[in-house]
Amino acid sequence: MQVQHQNEMRFILWLSVLTFFSVMNETMFNVSLPDIAAYFGITPSAANWTNTCFSLSFAIGVAVYGKISEHTGMKKLLLFGMLTYGFGSVIGLLCHAWYPGVLTARFFQGVGASAIPSLIMVMIVKVVDRGRQGKAFGLVGSVVAFGEGLGPVIGGAVSGYIHWSVLFALPLVSLLALPFVLRILPDEMSNRKAFDMTGAALLSVGILAFALFTTLYHWVYLASSLVLFVLLAFHIRRRQEPFLEPFLFRKKGYIAGVLTGALVLGTVAGFIAMVPYLMKAVYHMPTSLIGSAILFPGTLSVILFGMLGGVLADRLGHIIAMLFGLVMIAAGFLIVLFYTDRGPWVIAGSVILTFGGLSFVKTVVSAGVAKTLEPDEAGSGMGMLNFACFLAEGIGIAGVGGLLTKPWLNFRFIGTVKIQAAALYSNMMLIFMALVAFGGILFIISYKRTHK
């Protein structure tokens, strides 16, 4: 019994190492995007694809691993994922002077890293004793929050004092934990059911085409994505076990909740991707300071407000908690809208409010979506929610990169903004606020209809 407990503790420890480097890579490059743009002499719309490639492949990977895990064992998937993660990191180190190589590296990193969130819950359930699973989930959850919070600090420090390309070396450390995790994972029999490769391909290429449209605004990409999504819809109807579960699309409350989460998370992800450009253009702040003084306090606030959000939702209801989160996000956006050029501490305060409000929204959306699902639908339904939110983050980052290059946004519209360089970022807040407001209204209307 003592040996089993020790094995479980070692497993949780090494699993936490894998998780830490997986989630840290989501935020680590955010602060370095202006440096990457300057290094290659490219526009923000192109530089932001450094993160978009990771986010899109991460989102699709979460969905694909979740489906494939029904057909094959966790060991094979985890090994494939982590080796792909390492392969992408090596490509990034070797090809950092060639921008297509950087994008390729980030794509493979996303494909590999997405294995961790897809499999982590199942691994804990199968390895850790039921009486200690709560503690394991809590520890891993803390590691996730810590990794996301520390990502901008590490990214800023490495980019500011060494070079942004060194960020590709950090995920390789996680491979040291892989043999220990694989040794403890139980062997499993594979279930040789057919995997819907056609559905996965149609969805992936359709998403890529839409993301390209949000960056380049070429209508051919939008038309291509619409055609691919129509073909996917026909494919789902004909396929016995499709990649996307068709019953989920018949649940209006579920769809509204997923769309709300995607809209708000995608908008906030775009805002966070915009902040380093703002700090460089308006305040000429070094990369290391942007990560530690501007983004880090905001990511830490997620931990505090995330716990408060759960308590508020339980005591006062989901509508109140959602409104509280939306008001915080709106307040953060209003600060940047009117006081973009008043001082770095103002932007730091805005980031704290925005992240804090986001933690409320994420808690409410997860709980609200879960209530629309039957017990046997929870796995597919919550997996689709995670997929949609990760996907929206990638599209949000790509979209902001495109907006930063548009001259029609670069004029002084708000009278309180005095510096011309700040006008672009101030005006973008109007777009962000409209998207968040639409998502909030959609959730409240659908929630009231579902819970009459």
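Residue numbers start at 1 and run along the sequence shown. Predicted, not measured: the structure shown is a model, and the values here were computed from it.
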J.: Please collect all salt bridge (charged side-chain N to carboxylate O under 4.0 Å, His left out) contacts where either partner lies in residues 254-275, sequence neighbours excluded, each pair once.
T.: none

J.: Contact between Leu334 and Met429 at the side-chain level, heavy atoms closer than 4.5 Å - yes or no?
T.: no

J.: Does anything in residues 411-421 form a salt bridge (charged side-chain N to carboxylate O under 4.0 Å, His left out)? List the pairs, not counting sequence neighbours.
T.: none

J.: Test your reading of the model: is there a side-chain donor-acceptor pair from Ser288 to the backbone of Gly160, 3.5 Å cut-off?
T.: no

J.: Taking Leu222's backbone N and O only, do any of them form a donor-acceptor pair with Ser225's side chain (distance below 3.5 Å, no angle check)?
T.: yes

J.: Asn30 side chain to Ala273 main-chain N or O, any donor-acceptor pair under 3.5 Å?
T.: no

J.: When you compare the side chain of Met82 with that of Ser174, does any pair of heavy atoms fall below 4.5 Å?
T.: yes

J.: State, yes or no, whether a side-chain contact exists between Thr354 and Val336 at a heavy-atom distance under 4.5 Å.
T.: no

J.: Quick check for you: to the nearest 0.5 Å, what is the distance between Leu435 atom CG and Leu263 atom CG?
T.: 6.5 Å

J.: How far does CD1 of Ile207 sit from CD1 of Ile60, to the nearest 0.5 angstrom?
T.: 4.5 Å

J.: Taking only residues two or more places apart in sequence, or in another chain, which ones meet Ile395 in a side chain to side chain contact (heavy atoms under 4.5 Å, CB included)?
T.: Leu56, Phe210, Ala211, Thr214, Leu391

J.: Under 3.5 Å, side chain of Arg106 to main-chain N/O of Cys53, donor-acceptor pair present?
T.: no

J.: Under the salt bridge (charged side-chain N to carboxylate O under 4.0 Å, His left out) definition, can you give me all pairs with a residue in residues 317-334, not counting sequence neighbours?
T.: none

J.: Looking only at atom types and distance, does a side-chain atom of His218 sit under 3.5 Å from a main-chain N or O of Val220, one as donor and one as acceptor?
T.: no

J.: Check ring-ring contact (aromatic ring centres under 6.0 Å, His included) between Tyr425 and all other residues, then give those that pass, not counting sequence neighbours.
T.: none

J.: Identify all side-chain donor-acceptor contacts of residues 84-97 below 3.5 Å with residues at least two apart in sequence or on another chain.
T.:
{"from": "Thr84", "atom 1": "OG1", "to": "Phe80", "atom 2": "O", "distance (Å)": "2.7"}
{"from": "Tyr85", "atom 1": "OH", "to": "Phe21", "atom 2": "O", "distance (Å)": "2.7"}
{"from": "Tyr85", "atom 1": "OH", "to": "Asn25", "atom 2": "ND2", "distance (Å)": "3.0"}
{"from": "Ser89", "atom 1": "OG", "to": "Tyr85", "atom 2": "O", "distance (Å)": "3.0"}
{"from": "Ser89", "atom 1": "OG", "to": "Gln109", "atom 2": "NE2", "distance (Å)": "2.9"}
{"from": "His96", "atom 1": "ND1", "to": "Leu93", "atom 2": "O", "distance (Å)": "3.1"}

J.: Assess whether side chain to side chain donor-acceptor pair (under 3.5 Å) is satisfied between Tyr339 and Ser350, documenting all intermediate values.
T.: CA-CA 10 Å; Tyr339 306 112; Ser350 168; over 6 Å; no

J.: Run the salt bridge (Lys or Arg N to Asp or Glu O under 4.0 Å) test against Asp35 and tell me which residues pass, sequence neighbours left out.
T.: Lys280

J.: Do any pairs count as a ring pair (Phe, Tyr, Trp, His ring centres under 6.0 Å) and have a residue in residues 262-298, sequence neighbours left out, and if so which ones?
T.: Phe271-Phe333

J.: So, using ring-ring contact (aromatic ring centres under 6.0 Å, His included) as the criterion, who are the partners of Trp164 when residues are at least two apart?
T.: Tyr39, Phe40

J.: So, using ring-ring contact (aromatic ring centres under 6.0 Å, His included) as the criterion, who are the partners of Phe390 when residues are at least two apart?
T.: Phe58

J.: By salt bridge (Lys or Arg N to Asp or Glu O under 4.0 Å), which residues pair with Lys362, not counting sequence neighbours?
T.: none

J.: Is any side-chain heavy atom of Phe413 closer than 4.5 Å to a side-chain heavy atom of Ser426?
T.: no

J.: With rounding to the nearest 0.5 angstrom, report the CG to CG distance, Leu404 to Leu409.
T.: 8.5 Å

J.: Report yes or no: does Thr52 contribute a side-chain atom to a donor-acceptor pair with the main-chain N or O of Ala398 at less than 3.5 Å?
T.: yes

J.: Any side-chain heavy atom of Leu353 sitting closer than 4.5 Å to one from Ile329?
T.: no

J.: Using ring centroids (six-membered ring only for Trp), state whether Phe29 and Phe168 fall under 6.0 Å.
T.: yes

J.: Can you list every pair that meets salt bridge (charged side-chain N to carboxylate O under 4.0 Å, His left out) and has a residue in residues 335-355, with sequence neighbours left out?
T.: none

J.: Grab the two heavy atoms, one from Gly155 and one from Val31, that are nearest each other, plus how far apart they are.
T.: C-CG1, 3.6 Å

